Amino acid sequence: MNKMINVCLIGCGRAGMIHARNYNGNLRHARLVAICDPDEGNLAEVQKELQVEYQYTDYREALKNANIDAIVVVTPTHLHRDIVVAAAKAGKHIFCEKPMAGTEEECNDMIDACREYNVKLQLGFMRRFDENFKTGKEVIENKTVGEVTLLKSLTHGPSEPKEWMFDISKSGGPVAEVNSHDLDTLRWYAGAEVSMIHVIGHNFRSPEKAAEYPDYYDTCAVMMQFTNGIIGMIDGAQYVRYGYDARAEILGTHGIVKVGRQNSNNVEVVTQDKTIQAQSMPSWTKLYQEAYVREAEAFIDAIRHDTGTQVTGHDGKMALILVREGLKSLREKRPVFIE
């Protein structure tokens with residue numbers, strides 16, 4: 001239980017480096033000992049900062065290292081299944097960023113492999129480790145506002161879409177790119193599965209792309225029904241430009257809970273013309289900086305204490321299914337019922 005957990009990062013891009021920096025000195029019981037990236041130039045550049053013991057361009061070679069106890073997978077989604085299955089066979093515990101995989105079948109392969117080889121699998125839904133969202137869950141469990149009737153969640157992202165994102169067969173649009181976290185949050189809050197999902201969307205901010213990408217949408221609204229009767233609502237948007245925005249509401253029979261904030265700090269400036277000014281949240285990396293650390297700590301604790309992970313392979317698979325069925329609803333312009 002007191003053993004230091006040695007971790008290898010697989011995928012050294014922007015999101016990967018968030019995890020790398022946390023494991024490289026911010027965790028009491030874990031340390032980053034290896035990095036892996038197929039781009040030799042990127043690997044060398046990252047090594048200048050991290051100064052870890054081992055570097056690999058092939059994850060298969062990394063998995064042969066008996067000194068590595070766990071891996072953090074932050075690669076393109078289409079690689080997740082093969083890496084996770086191989087890591088499970090090698091006896092390595094696994095943290096995998098979302099989306100879990102490309103298909104439900106790939107998710108099942110990953111879950112089955114981790115179960116067969118008795119290794120931990122945790123998915124990267126960091127909102128579950130954010131203090132504000134965790135408090136929302138505690139309020140639900142304590143019935144502070146009575147029985148939950150309606151759950152709302154939103155994510156608005158400021159980034160301008162890259163060219164490939166306009167093709168929703170590749171990107172999935174906001175439902176996949178930004179709202180997968182909302183889908184997971186509402187499943188977590190509801191404590192139940194989704195029985196119906198209905199998505200509508202429209203392209204408001206990039207009309208010049210409409211002819212080439214007629215299915216593209218940058219704004220969407222999602223209506224859901226859970227198996228326990230709770231109603232869920234999500235709104236998502238890309239390229240909003242005003243900053244990063246992620247909040248939730250929990251409506252109960254006796255009150256309401258509002259989770260999250262738009263401000264980047266607690267400073268408001270009031271001027272003589274009677275206006276109030278505040279700074280908006282610039283990015284998800286700032287908003288969830290501490291949540292990423294707590295997420296990593298939870299993964300390491302599950303390994304050290306041999307307990308279940310707080311975000312499971314099933315959670316990752318259900319988020320994937322909801323994105324898939326949501327896109328089906330969007331394209332077919334109808335509600336989709338999930339058995």
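This structure is a prediction, so every number in the text was calculated from the model and none was measured.
Among Lys3, Lys120, Lys92, the single residue meeting the salt bridge (Lys or Arg N to Asp or Glu O under 4.0 Å) criterion with Asp69 is Lys3.
Linking Ile, Leu, Val, Met, Phe, Trp and Tyr residues whenever their side-chain heavy atoms come within less than 4.5 Å places Val74 and Val52 in a single cluster. Cluster membership check: Val257 shares its hydrophobic cluster with Phe133, using side-chain heavy-atom separations under 4.5 Å among Ile, Leu, Val, Met, Phe, Trp and Tyr. In the hydrophobic cluster analysis, where Ile, Leu, Val, Met, Phe, Trp and Tyr join through side-chain heavy atoms closer than 4.5 angstrom, Met110 is grouped apart from Met318. By the rule that hydrophobic residues join a cluster once side-chain heavy atoms approach within less than 4.5 Å of another member, Leu32 and Ile83 end up as members of separate clusters. Using a 4.5 Å cut-off between side-chain heavy atoms of Ile, Leu, Val, Met, Phe, Trp and Tyr, with links allowed through other members, Ile230 and Val194 fall into the same hydrophobic cluster.
Ionic pairing of Lys152 and Asp235 is not present here: no N-O contact between side-chain nitrogen and carboxylate oxygen is shorter than 4.0 angstrom. A salt bridge links Lys209 with Glu163; the closest basic N to acidic carboxylate O contact falls under 4.0 Å. The existence of a salt bridge linking Arg294 and Glu297 is excluded, since no basic side-chain nitrogen approaches an acidic carboxylate oxygen closer than 4.0 Å. Classification of Glu147 and Lys143 as a salt-bridged pair holds, one side-chain N sitting under 4.0 Å from a carboxylate O. Between Asp184 and Lys98 no salt bridge is recorded (no basic side-chain N to carboxylate O distance below 4.0 Å). A salt bridge is absent between Arg127 and Asp130: the closest approach of a Lys/Arg side-chain nitrogen to an acidic carboxylate oxygen does not fall below 4.0 angstrom. A salt bridge links Arg21 with Glu49: the closest approach of a Lys/Arg side-chain nitrogen to an acidic carboxylate oxygen falls below 4.0 angstrom.
Between atom SG of residue Cys36 and atom CD1 of residue Ile71 there is a gap of 9.0 Å, rounded to the nearest 0.5 Å. Atom OH in Tyr244 sits 10.0 Å away from atom OG in Ser159 (nearest 0.5 Å). Atom-to-atom distance recorded for Ile10:CD1 and Thr75:OG1 is 7.5 Å, nearest 0.5 angstrom.
Other residues, nucleotides and ligands place no more than 12 heavy atoms under 6.0 Å from the CD atom of Glu40. Residue Glu104 places its CD atom among more than 12 non-hydrogen atoms of other residues, nucleotides or ligands, all under 6.0 Å distant. By the 6.0 Å contact criterion, CG on Asn118 is open, its count of non-hydrogen atoms from other residues, nucleotides or ligands being 12 or less. Counting non-hydrogen atoms of other residues, nucleotides and ligands closer than 6.0 Å to CD1 of Ile256 gives a total above 12. Enclosure of atom CG in Asn67 by more than 12 non-hydrogen atoms of other residues, nucleotides or ligands within 6.0 angstrom is indicated.
Residue Leu186 comes nearest to Gly232 through the heavy atom pair CD1-CA, 4.1 Å, listed as atom of the first residue, atom of the second, then distance. Heavy-atom minimum distance, Asn179 versus Cys220: OD1-SG, 3.3 Å. When all heavy atoms of Leu183 and Ala319 are compared, the pair lying nearest together is CD1-O, 4.5 Å. Contact between Ile197 and Met224 at its shortest, heavy atoms only, is CG1-CG, 4.0 Å. For the residue pair Gly313 and Leu121, the shortest heavy atom distance occurs at CA-CD2, 4.0 Å. In terms of heavy atoms, Arg187 sits closest to Arg128 at NH1-NH2, 4.0 Å.
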request  = Apply side chain to side chain contact (heavy atoms under 4.5 Å, CB included) to Leu27 and Val293, showing your working.
outcome  = CA-CA 8 Å; Leu27 302 180; Val293 175; 4.0 Å; yes

ask   = Going through the distances and angles, do Tyr23 and Leu9 end up as a side chain to side chain contact (heavy atoms under 4.5 Å, CB included)?
value = CA-CA 9 Å; Tyr23 281 98; Leu9 172 71; over 6 Å; no

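Side-chain N or O atoms of Asn22 include one that pairs as donor or acceptor with a backbone N or O of Ile18 at under 3.5 Å. Between the side chain of Asn228 and the main chain of Ala190, a donor-acceptor pair closer than 3.5 Å is present. A donor-acceptor pair is defined here as one N or O able to donate and one able to accept, closer than 3.5 Å; no such pair exists between the side chain of Ser329 and the backbone of Glu325. Checking side-chain atoms of Asp37 against main-chain N and O of Cys12 turns up a donor-acceptor pair under 3.5 Å.
Donor-acceptor pairing under 3.5 Å is recorded for the side chains of Arg31 and Asn6. Judged by distance alone, the side chains of Asp315 and Thr312 do bring a donor and an acceptor atom under 3.5 Å apart. Counted by atom type alone, Thr144 and Asn142 present zero donor-acceptor pairs between their side chains at under 3.5 Å.
Using a 4.5 Å cut-off on side-chain heavy atoms (C-beta onward), Val73 and Tyr59 make no contact. Looking at heavy atoms from C-beta onward, Val148 lies out of side-chain contact with Phe226 at the 4.5 angstrom threshold. In this structure, the side chains of Met100 and Arg81 stay at 4.5 Å or more apart for every pair of heavy atoms. Residues Asp245 and Met281 have side chains not in contact (no heavy-atom distance under 4.5 Å, counting atoms from C-beta outward). Residues Leu151 and Ile250 have side chains in contact (heavy-atom distance under 4.5 Å, counting atoms from C-beta outward). Looking at Ile300 and Val7, their side chains come closer than 4.5 Å, going by heavy atoms from C-beta outward. Side-chain contact between Asn65 and Cys8: absent, with no pair of heavy atoms (C-beta onward) separated by less than 4.5 Å. You'll find the side chain of Leu63 stays beyond 4.5 Å of the side chain of Ile68, heavy atoms only.
Every side-chain hydrogen bond (donor to acceptor under 3.5 Å, both in side chains) that Thr219 has, sequence neighbours left out, goes to Arg205.
The side-chain tip of Arg241 points at the ring of Tyr239 from less than 6.0 angstrom away and within 45° of straight on.
The stretch residues 146-188 participates, sequence neighbours left out, in these ring pair (Phe, Tyr, Trp, His ring centres under 6.0 Å) pairs: Phe125-His181, Phe166-Tyr213, Phe166-Tyr216.
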